[in-house]
Every structure is written in C-alpha cells, then in structure tokens.
Amino acid sequence: MLKKFILALAACAIFSPAVAQKGIDNPVTQAVLRVYEQQLKADPNDYNSWFRRANEYYRHDEYIRAMADVNEALRCTPATERDLRFQEYMLRAGIYNQTAHHLEALADLNSAVMLDADNYHAIYQRANTEFELGMYTEAKTDYQRLQRLNSRSLEALLGLARVAVKENNLGSANEYLEQAVGLDVNNPEIYTRRASVKKMMGNHNGAVEDLIVALSIDSKNQKALESLVDYGNTNYVATINGLTNAIRQAPNVGMYRYIRGVIAQAHYNYLSAIDDYQYIIDNRLYNYSGLNASIAECQFYLGRFDEALKEINYVLGTPGATNNAGYFILKSKILRALGNNSEAVDAAAMALAVAPNSAEALAQMGLSYLSDGRAKEAMNLCNEATLTDSENPYYYMLRAWIQNDYMGNSQNAASLYTQALDIDVFHLENINSLRGFALLFTDQTPQAEAWLNNILTTVTDNDGHIHYLAACYYAQAGNPDRAIDCAETALKAGYANLYDWMNNNDARINVAPIRDELRFLQLINRYTGLFNR
C-alpha cells in the first residue's frame with residue numbers, strides 16, 4: 001500500500017520523478033558486455049577485463065556474476081598491481097556486504113587496508129562492516145581513525161553516534177549528532193542521516209522532525225520523503241504529530257499537508273486525508289488533479305459512492321487524466337459498488353486501453369462481469385491477471401472463489417488455493433500473504449490458526465489492517481465471537497474502511513458472514529465517528 005502512495009507523492013508537481021536506473025538488458029550495457037566477452041575469449045587471463053565486467057555486473061545488482069568475475073580478476077592480477085588488487089578487494093567486499101556475508105566482507109576490507117593503510121573509503125567501509133557484525137570497539141576505532149584523516153568527517157561523527165547508542169551512551173550520541181549538523185546546517189542529507197540514528201535511539205519525534213527539516217531544505221529529497229512515509233508505517237502517531245507541528249508553524253506549505261494526507265490515507269484515516277487534500281485545493285496551494293482523485297478514493301472507502309463518482313468524473317474531465325489507468329479502475333470500483341455493472345465493465349475497459357497489462361484492471365473488469373452474472377468471462381480475466389502478476393496471492397484467491405462459488409468446481413478451487421500457498425514472496429508472518437485463508441479453505445485449520453495466532457502475537461498492528469483481516473478469517477471460519485472481537489480491535493486502531501466493513505464480498509476475504517450479527521452492527525454504529533462527522 002505505502003509503495004503506491006510514495007509513487008503518488010513523486011507524481012505530484014511538488015516532487016521530481018525519480019530516474020529509473022536502466023537495466024542490464026538495455027542495448028548499451030549489452031554492447032559493453034559483448035566487448036568484454038570478446039576480450040576474455042581472446043585472453044582468459046585479462047584481469048582488467050574481468051575486473052571491469054565485474055564492476056558492470058555489480059552496478060546492475062548482478063551479484064553472482066560480479067562475484068565470479070572479481071574472483072577471476074583476483075586470481076589473475078599480479079601482486080605487483082597493488083592499486084588494482086586494492087580495488088578488487090573493495091569490490092568483492094561490496095558484493096559480500098550487499099549479500100549479507102559481512103565476515104567475508106571484513107576479510108577483504110582488511111586485505112584492502114593492508115594495501116592502502118590510509119584509504120578513507122576502505123576504513124569507512126570496514127567500520128560499517130564491523131558495526132554490522134556487532135564489533136563496536138573495532139568500529140569505534142576505525143571511525144576515530146576517519147576523524148584523524150579528516151577532522152570534518154560526517155561519516156565518522158555519525159558512525160561514532162551509532163556506536164554510542166549501542167554502548168547505551170545517549171549523551172555522547174547526541175553530542176556527536178550535534179557536531180554532525182554543525183558541519184553544514186543547510187545540508188538536508190545530514191538531517192536525513194541523523195534521523196536514522198535518532199530512530200535507533202528510540203527518539204521517534206526527533207527523527208520525524210529531522211526528516212521534515214530535510215524536506216523543508218529540499219522539497220525534492222526523495223530519500224527523506226521515502227523515509228518519512230516509511231516512518232508512518234512503523235510509528236504513525238509520531239509521524240502525524242511531527243507533520244502537524246510543521247503545519248502549525250507553516251500552515252500554507254502545501255507539501256506538509258499533502259504528505260500528511262497521503263500518510264493518513266495509507267493508514268485508513270480517510271476523513272483526515274480528505275481535510276488536507278481539500279485545504280490544498282481550496283487555498284490553491286497546488287493545482288494537481290490527483291488530489292481530487294485521492295479524495296474520490298477516500299470517499300469510496302468511506303462508503304460515499306455517489307460523491308466519489310462525482311469527484312472521479314470531475315478528475316477524468318481534466319486535461320491528461322484519461323491517460324491514467326488508475327482513475328478508470330477507481331471509477332469501475334465505484335460503479336460496481338453502485339450496482340452499475342455494465343458501466344463498471346466499460347470503465348475497466350478504458351483502464352485496459354491505457355494499460356493493457358494491468359493486473360488490477362483485468363481483475364476489476366472480471367469482478368464487474370461477475371457482478372453481472374458472467375462467471376466465465378470473469379474467470380478468464382482473473383486468469384489473465386494472475387499471468388500478469390503471478391506472485392500476488394490475491395488473484396489466486398479470487399479465482400478459487402469464482403471456481404468454488406460460481407462455477408461449482410471445488411477441485412479447481414482447491415488447486416488454486418494450493419498454488420497460493422506455494423508463493424514464497426511474502427514472509428510467513430506477513431498478513432498480506434493470505435496464507436491462513438488458503439489453509440482454511442483447504443481444510444488445514446490447525447495450520448491456519450497457528451499462522452494467524454503467530455501474526456497477532458508478534459506483529460504490531462499500527463492501523464487495524466491486521467485485525468481487520470483477522471476478523472475476515474474468523475468470520476469465514478465460522479467463529480463470529482472471535483471475528484467481532486478482532487473487528488473491535490481494528491476499529492479501535494482506526495481502520496475506517498467502511499466499504500470493507502459493509503460492502504466487500506469478494507474472494508471469501510471479508511466479514512460478510514457476521515454482517516447480520518447485532519453485536520457487529522452495534523460495533524460499527526459505535527465507531528461511526530471514523531466514517532462520518
């Protein structure tokens with residue numbers, strides 16, 4: 001969910017889009033690699049070509065290939081080529097660190113330092129590696145060595161601050177951090193990096209403040225932006241409080257309101273998000289149709305379908321909006337919720353015209369057909385969605401539901417649930433793997449219960465989403481009391497998605513079985529403040 005909102009932030013006029021690194025399959029890179037291949041065929045001991053190709057692979061995150069080539073380079077490079085061997089050890093150490101083989105990286109960094117005892121970069125990397133290995137005394141010595149090489153070393157001060165935190169010497173840590181900022185008070189990178197140390201210290205408010213300072217200096221700082229949005233996922237209250245303080249001091253800086261709205265929306269606090277987006281529009285802080293689209297999405301999840309449709313229709317009437325598949329997907333969802341299934345199909349078709357390979361658009365069209373009683377067409381489209389996004393367990397769950405409930409084929413459904421269980425992209429403790437549902441629907445209830453209990457007891461639920469899915473699980477498992485208890489926990493945490501609570505009937509991942517329970521209806525009524533003012 002948050003990744004989507006980070007991209008939304010980047011798309012806004014106040015942020016510059018990130019430049020994507022070209023992949024290893026681009027023509028220029030392939031041409032370079034062919035030259036190296038020819039050179040190595042002519043001379044298998046050409047250590048310069050081995051090393052340069054290893055660097056090329058490393059630059060494109062091809063660590064296995066890079067490792068094979070740098071090993072060949074080290075094998076062939078004469079001992080007299082000290083500078084090149086230094087670079088080779090540094091490259092291999094980088095590969096080891098990127099692949100979490102820190103002990104091996106440390107050995108290569110030691111070899112590099114032996115070749116160039118005063119190389120700042122080598123000592124810095126060794127200090128960081130020692131820190132990762134918990135060798136805090138050794139790391140401290142190397143960070144101090146950096147200071148001797150450069151009395152104004154930011155890396156040394158931040159490294160010493162991190163070590164001081166591990167030594168539980170927070171006073172020294174704060175002193176090092178203040179010295180770091182003193183090196184260049186107008187450098188946003190310093191505040192971003194100081195925030196990471198403050199997070200280690202448990203000073204979440206201070207960390208958020210530093211990220212906001214970084215953005216106030218450079219509103220296009222993607223690292224600070226992504227860190228702040230990520231912070232909202234781990235410490236929502238501190239993030240919102242920090243942004244609220246910034247807004248209080250600068251009420252018409254639209255960037256702060258937009259970030260706060262995006263984070264609130266990502267964590268199901270739709271009323272607050274609408275307030276921030278509407279303030280930006282009303283005060284003309286930014287002219288960006290995506291604000292209205294965000295309002296439409298919030299209204300949809302609050303169950304205000306007519307208002308949401310009016311808003312998204314306005315958006316689609318603005319210049320360039322019809323090139324955004326997401327707007328049409330949202331319109332399709334709204335129309336389906338209103339029972340306008342044929343129009344929902346048309347809107348999904350418009351999304352596919354813009355983005356033919358969109359799994360979300362394919363699934364949305366399938367759901368629209370399904371609501372119109374056309375299960376076969378729905379199944380075909382959801383099959384295509386799975387082919388497009390084969391690592392997303394939801395599409396397998398969707399297809400299994402259609403097979404079981406609409407096409408009367410329980411065997412095919414069981415096979416699809418099994419395929420969902422085979423997806424290993426998610427860690428087992430990730431609620432979004434939907435693993436417990438697939439286990440439940442294949443009569444593996446003890447394993448399903450163990451999976452869910454592990455998540456509920458070990459993973460912090462910051463916004464109620466985990467307990468909402470737990471309520472769905474227990475509702476589908478025929479345990480209404482436990483489902484309603486989980487629903488109450490989700491609502492207490494602020495899960496304000498009224499569409500999910502009252503309308504979502506898809507894929508057997510919903511609370512539909514308890515919607516007629518008086519206790520559930522009373523619960524929703526008690527938390528009506530989440531959905532209405």
Side-chain angles (χ1 to χ4, degrees), residues 93 96-107 109-110 113 120-185 187-215 223-224 226-243 245 427 429 457-462:
Y96 277 133
N97 271 327
Q98 288 293 333
T99 54
H101 291 87
H102 302 303
L103 274 173
E104 292 86 346
L106 182 59
L109 290 165
N110 285 335
V113 173
Y120 184 94
H121 183 60
I123 295 167
Y124 177 52
Q125 292 302 326
R126 186 170 72 173
N128 288 342
T129 303
E130 289 162 341
F131 184 88
E132 287 297 322
L133 288 166
M135 301 168 61
Y136 302 126
T137 301
E138 293 83 353
K140 185 175 183 178
T141 299
D142 273 341
Y143 287 129
Q144 289 171 337
R145 192 170 172 182
L146 290 179
Q147 278 192 309
R148 291 194 294 273
L149 291 170
N150 178 4
S151 61
R152 292 179 59 80
S153 169
L154 173 63
E155 290 78 13
L157 288 169
L158 292 171
L160 289 168
R162 293 198 301 157
V163 170
V165 173
K166 293 297 183 180
E167 294 174 340
N168 202 29
N169 190 344
L170 301 187
S172 293
N174 280 315
E175 289 178 12
Y176 288 128
L177 292 176
E178 289 304 313
Q179 290 177 49
V181 170
L183 294 175
D184 186 358
V185 295
N187 185 346
E189 177 68 14
I190 293 178
Y191 294 98
T192 302
R193 295 176 66 179
R194 186 171 74 167
S196 68
V197 182
K198 286 185 175 181
K199 185 176 182 180
M200 283 177 58
M201 298 167 68
N203 182 3
H204 302 298
N205 290 331
V208 170
E209 288 173 5
D210 272 353
L211 293 172
I212 292 172
V213 170
L215 283 168
K223 185 175 180 180
E226 291 179 14
S227 296
L228 189 59
V229 174
D230 182 63
Y231 223 112
N233 192 38
T234 56
N235 198 315
Y236 178 78
V237 173
T239 307
I240 293 298
N241 286 344
L243 287 165
N245 288 336
H427 295 296
E429 65 273 14
T457 55
T458 62
V459 182
T460 302
D461 188 5
N462 292 302

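In this chain, numbering begins with 1 at the start of the sequence shown. Given the structure is predicted, the values throughout are model-derived calculations rather than measurements.
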Item to check | Steps toward side-chain contact (heavy atoms from CB on, under 4.5 Å) verdict (Leu177, Val181) | outcome: CA-CA 6 Å; Leu177 292 176; Val181 170; 5.9 Å; no
Next on the checklist: Is there a side-chain contact between Arg145 and Val113 in this structure, where contact means two heavy atoms from C-beta onward sitting under 4.5 Å apart?
Outcome noted: yes
Checklist entry - Does some side-chain heavy atom of Glu178 sit less than 4.5 Å from a side-chain heavy atom of Arg194? => result yes
Checklist entry - Can you list the steps and then say if Leu243 with Leu228 is a side-chain contact (heavy atoms from CB on, under 4.5 Å)? => result CA-CA 10 Å; Leu243 287 165; Leu228 189 59; 4.0 Å; yes
Checklist outcome for this item: For Ala105 and Asn97, the nearest pair of non-hydrogen atoms, with its separation, is CB-OD1, 3.4 Å
Item to check | Rounded distance (nearest 0.5 Å) linking atom NZ of Lys223 with atom CG of Leu215 | outcome: 13.0 Å
Item to check | Over all atoms of both residues, closest heavy-atom pair of His101 and Thr99 | outcome: ND1-O, 2.9 Å
Item to check | Under 3.5 Å donor-acceptor, Asn235 side chain and Tyr231 backbone | outcome: no
Checklist outcome for this item: Residues Val185 and Tyr191: closest non-hydrogen pair is O-OH, 2.8 Å
Next on the checklist: Test of understanding: with side-chain contact (heavy atoms from CB on, under 4.5 Å), list the residues that count as partners of Leu133, not counting sequence neighbours.
Outcome noted: His102, Leu103, Leu106, Thr129, Met135
Item to check | Side-chain donor/acceptor of Tyr124 to backbone N/O of Ala156, under 3.5 Å | outcome: no
Checklist entry - Between Asn169 (side chain) and Ala164 (backbone), is there a donor-acceptor pair under 3.5 Å? => result no
Checklist outcome for this item: Rounded to the nearest 0.5 angstrom, the CG-CG distance for Asp210 and Asn203 is 8.5 Å
Next on the checklist: What I'd like to find out is whether the side chain of Arg126 reaches to under 4.5 Å of the side chain of Glu138, using heavy atoms alone.
Outcome noted: no
Checklist entry - Can you find a pair of side-chain heavy atoms, one from Glu155 and one from Asn128, that are under 4.5 Å apart? => result no
Checklist entry - Run the side-chain contact (heavy atoms from CB on, under 4.5 Å) check on Glu189 and Asp184 step by step: do they pass? => result CA-CA 10 Å; Glu189 177 68 14; Asp184 186 358; over 6 Å; no
Checklist outcome for this item: Value for OH (Tyr143) from CD (Glu130), rounded to nearest 0.5 Å, stands at 8.5 Å
Next on the checklist: With rounding to the nearest 0.5 angstrom, report the OG to OH distance, Ser153 to Tyr120.
Outcome noted: 2.5 Å
Checklist entry - His204 and Thr239: side-chain contact (heavy atoms from CB on, under 4.5 Å), yes or no, with the steps? => result CA-CA 8 Å; His204 302 298; Thr239 307; over 6 Å; no
Item to check | Residues forming a salt bridge (charged side-chain N to carboxylate O under 4.0 Å, His left out) with Glu167, sequence neighbours excluded | outcome: Lys140
Next on the checklist: Measuring from atom OG1 of Thr141 to atom CD1 of Ile123, what distance do you get when rounded to the nearest 0.5 angstrom?
Outcome noted: 11.5 Å
Item to check | Between Asn187 and Arg193: side-chain donor-acceptor atoms closer than 3.5 Å | outcome: no
Item to check | Atom of Ala180, atom of Leu154 and distance for their closest heavy-atom approach | outcome: CB-CD1, 3.7 Å
Checklist entry - For the atom pair OG1 (Thr192) and CG (Leu211), what is the distance rounded to the nearest 0.5 Å? => result 6.0 Å
Checklist entry - Do the non-hydrogen side-chain atoms of Leu157 and Leu183 ever get within less than 4.5 Å of each other? => result yes
